2 protein chains.
Amino acid sequence: MGDVFKALADPTRRAILDELQERNGQTLFELCTRLISQHGSTSSRQAVSQHLGVLEDAGLVRTRREGRYKFHDLDTTPLRTITDRWQLPTG
Amino acid sequence: MGDVFKALADPTRRAILDELQERNGQTLFELCTRLISQHGSTSSRQAVSQHLGVLEDAGLVRTRREGRYKFHDLDTTPLRTITDRWQLPTG
DNA sequence: TTGTCAGGCAAGTGCTCACTTGCCTATGGT
DNA sequence: ACCATAGGCAAGTGAGCACTTGCCTGACAA
């Protein structure tokens with residue numbers, strides 16, 4: 001599993017996580033259009049696709065294929081590595 | 001306040017936070033020697049100094065000056081922006 | 001089969017970032 | 001005064017990363 005911290009370092013990837021939290025299980029094209037219309041993003045399809053690859057490597061996004069569609073689901077469990085590491089006062 | 005996510009993206013900066021958690025209020029030179037001896041780091045003084053600047057901008061490290069010494073203290077409150085953003089199941 | 005749609009792969013480009021290098025300021029000891 | 005210590009500033013370098021460009025694969029509809 002790749003680097004969770006590095007995956008979170010990019011604002012576009014954080015916007016993707018925001019989007020998936022609002023509406024889980026989106027395809028690449030859904031994400032592209034909604035990122036532009038709701039998050040003011042200017043990223044191309046290829047750019048978003050590469051970001052999704054990074055997020056998937058980090059374990060923050062899980063994917064499932066159905067026919068020619070690929071759905072993306074948010075998984076926040078890797079974020080625990082951050083909070084567990086520096087012992088947040090329980091919030 | 002700078003980017004907390006970007007500050008966490010670098011492994012050396014995460015080691016610095018680890019080191020400050022073990023022993024708070026260290027000076028730059030203390031951190032340098034302990035990073036090498038206890039974390040296998042190879043970073044120079046200037047490198048660590050720049051990392052501390054990034055961490056301070058992100059609000060993860062607070063500093064206080066006394067004479068020619070500058071002490072560094074860990075502050076984990078900015079990490080809440082991460083957990084609050086994607087609603088972790090309370091752990 | 002032909003055409004379209006969803007997505008993937010890979011090389012190239014430009015910018016950011018970590019780190020070095022070299023010099024400078026300031027505090028404290030003798 | 002002198003020197004060592006603790007730290008800072010700024011330009012330059014090299015590697016990594018986000019993004020583009022162009023082409024390719026696979027699934028569905030007609």
Side-chain angles (χ1 to χ4, degrees), chain A residues 1-20 23-37 39-73, chain B residues 1-20 23-37 39-73:
Chain A
M1 189 155 86
D3 196 335
V4 180
F5 298 95
K6 214 179 284 182
L8 292 173
D10 186 85
T12 302
R13 284 196 287 268
R14 297 197 292 269
I16 290 176
L17 296 182
D18 290 338
E19 239 314 304
L20 286 178
R23 170 188 273 237
N24 213 12
Q26 294 188 56
T27 67
L28 174 59
F29 272 80
E30 273 183 275
L31 275 168
C32 283
T33 57
R34 286 178 61 101
L35 280 171
I36 291 173
S37 62
H39 297 262
S41 168
T42 59
S43 300
S44 68
R45 178 184 67 87
Q46 292 86 346
V48 175
S49 175
Q50 286 170 353
H51 282 307
L52 284 171
V54 175
L55 291 170
E56 194 174 359
D57 282 347
L60 289 163
V61 164
R62 303 209 171 276
T63 59
R64 52 194 157 89
R65 260 211 171 259
E66 288 179 22
R68 57 174 161 174
Y69 298 104
K70 186 177 180 184
F71 300 103
H72 302 267
D73 297 290
Chain B
M1 189 156 86
D3 197 336
V4 180
F5 298 95
K6 213 180 284 180
L8 292 174
D10 186 86
T12 303
R13 284 197 287 268
R14 296 197 292 268
I16 290 175
L17 296 183
D18 290 338
E19 198 25 66
L20 285 178
R23 170 189 272 238
N24 214 10
Q26 294 189 58
T27 67
L28 174 59
F29 272 80
E30 273 183 274
L31 276 167
C32 283
T33 56
R34 287 178 63 102
L35 281 171
I36 292 174
S37 62
H39 296 264
S41 168
T42 58
S43 300
S44 68
R45 178 185 67 88
Q46 293 85 345
V48 175
S49 174
Q50 286 172 352
H51 282 308
L52 285 171
V54 175
L55 290 170
E56 193 174 358
D57 281 347
L60 289 163
V61 164
R62 302 207 172 277
T63 59
R64 51 193 159 89
R65 260 209 171 259
E66 288 180 22
R68 57 174 162 175
Y69 299 104
K70 187 178 179 184
F71 300 103
H72 302 267
D73 297 290

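A note on names: the letters A, B, ... follow the listed sequences, proteins ahead of strands, and every chain is numbered from 1. Given the structure is predicted, the values throughout are model-derived calculations rather than measurements. Below, each value reflects all heavy atoms present in this structure, side chains not excepted, and no hydrogens, waters or symmetry copies.
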For atom [atom1] of [X] and atom [atom2] of [N], their distance in whole Å:
X: A:L8; N: D:dC17; atom1: CG; atom2: C1'; answer: 16 Å
X: A:R45; N: D:dA18; atom1: CZ; atom2: P; answer: 18 Å
X: A:L28; N: C:dC5; atom1: CG; atom2: C1'; answer: 12 Å
X: A:L52; N: C:dG8; atom1: CG; atom2: C1'; answer: 12 Å
X: A:L31; N: C:dG8; atom1: CG; atom2: P; answer: 12 Å
X: B:F29; N: C:dT27; atom1: CZ; atom2: P; answer: 17 Å
X: A:Q50; N: D:dT20; atom1: CD; atom2: C1'; answer: 9 Å
X: A:F5; N: C:dA18; atom1: CZ; atom2: P; answer: 15 Å

Task: Comparing A:R13 and B:Q46 on DNA chain D - which has the more 5′ nearest nucleotide - done: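 That would be B:Q46.
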Task: Audit row: B:L31, B:L20, side chain to side chain contact (heavy atoms under 4.5 Å, CB included) steps and yes/no - done: CA-CA 8 Å; B:L31 276 167; B:L20 285 178; 4.0 Å; yes
Open item on the list: Let's go through A:I16 and A:L55 carefully: what are the C-alpha distance in whole Å and the side-chain angles of both, what is the deciding distance for side chain to side chain contact (heavy atoms under 4.5 Å, CB included) to 0.1 Å, and is it a yes or a no?
Closed with: CA-CA 9 Å; A:I16 290 176; A:L55 291 170; 3.7 Å; yes
- [ ] Sort out for me which residue in B:R14, B:R34, B:E19 forms a side chain to side chain contact (heavy atoms under 4.5 Å, CB included) with B:H39.
- [x]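 Passing option: B:E19.
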TODO: Give the C-alpha distance, both sets of side-chain angles, the deciding distance and a yes or no for side chain to side chain contact (heavy atoms under 4.5 Å, CB included) between B:R65 and B:K70.
DONE: CA-CA 4 Å; B:R65 260 209 171 259; B:K70 187 178 179 184; 4.1 Å; yes
Determine: side-chain N/O of [X] to OP1/OP2 of [N], distance under 4.0 Å, yes or no.
X: B:S49; N: D:dG7; result: no
X: B:H51; N: C:dC17; result: no
X: A:K70; N: C:dA6; result: no

- [ ] List the steps and the verdict of side chain to side chain contact (heavy atoms under 4.5 Å, CB included) for B:F71 and B:T63.
- [x] CA-CA 6 Å; B:F71 300 103; B:T63 59; over 6 Å; no
Open item on the list: I need the minimum non-hydrogen distance between B:A58 and B:D3, along with the two atoms involved.
Closed with: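 Distance-wise, the nearest heavy atoms are CB-O, 3.8 Å.
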Task: Straight-line distance of A:L52 CG to A:Q50 CD, nearest 0.5 Å - done: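 The CG atom of A:L52 sits 10.5 Å away from the CD atom of A:Q50.
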Task: Contact list for DNA chain D against residues 58-69 of chain B - heavy-atom distance below 4.0 Å - done: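 Per residue number, the list reads B:R65, B:R68, B:Y69.
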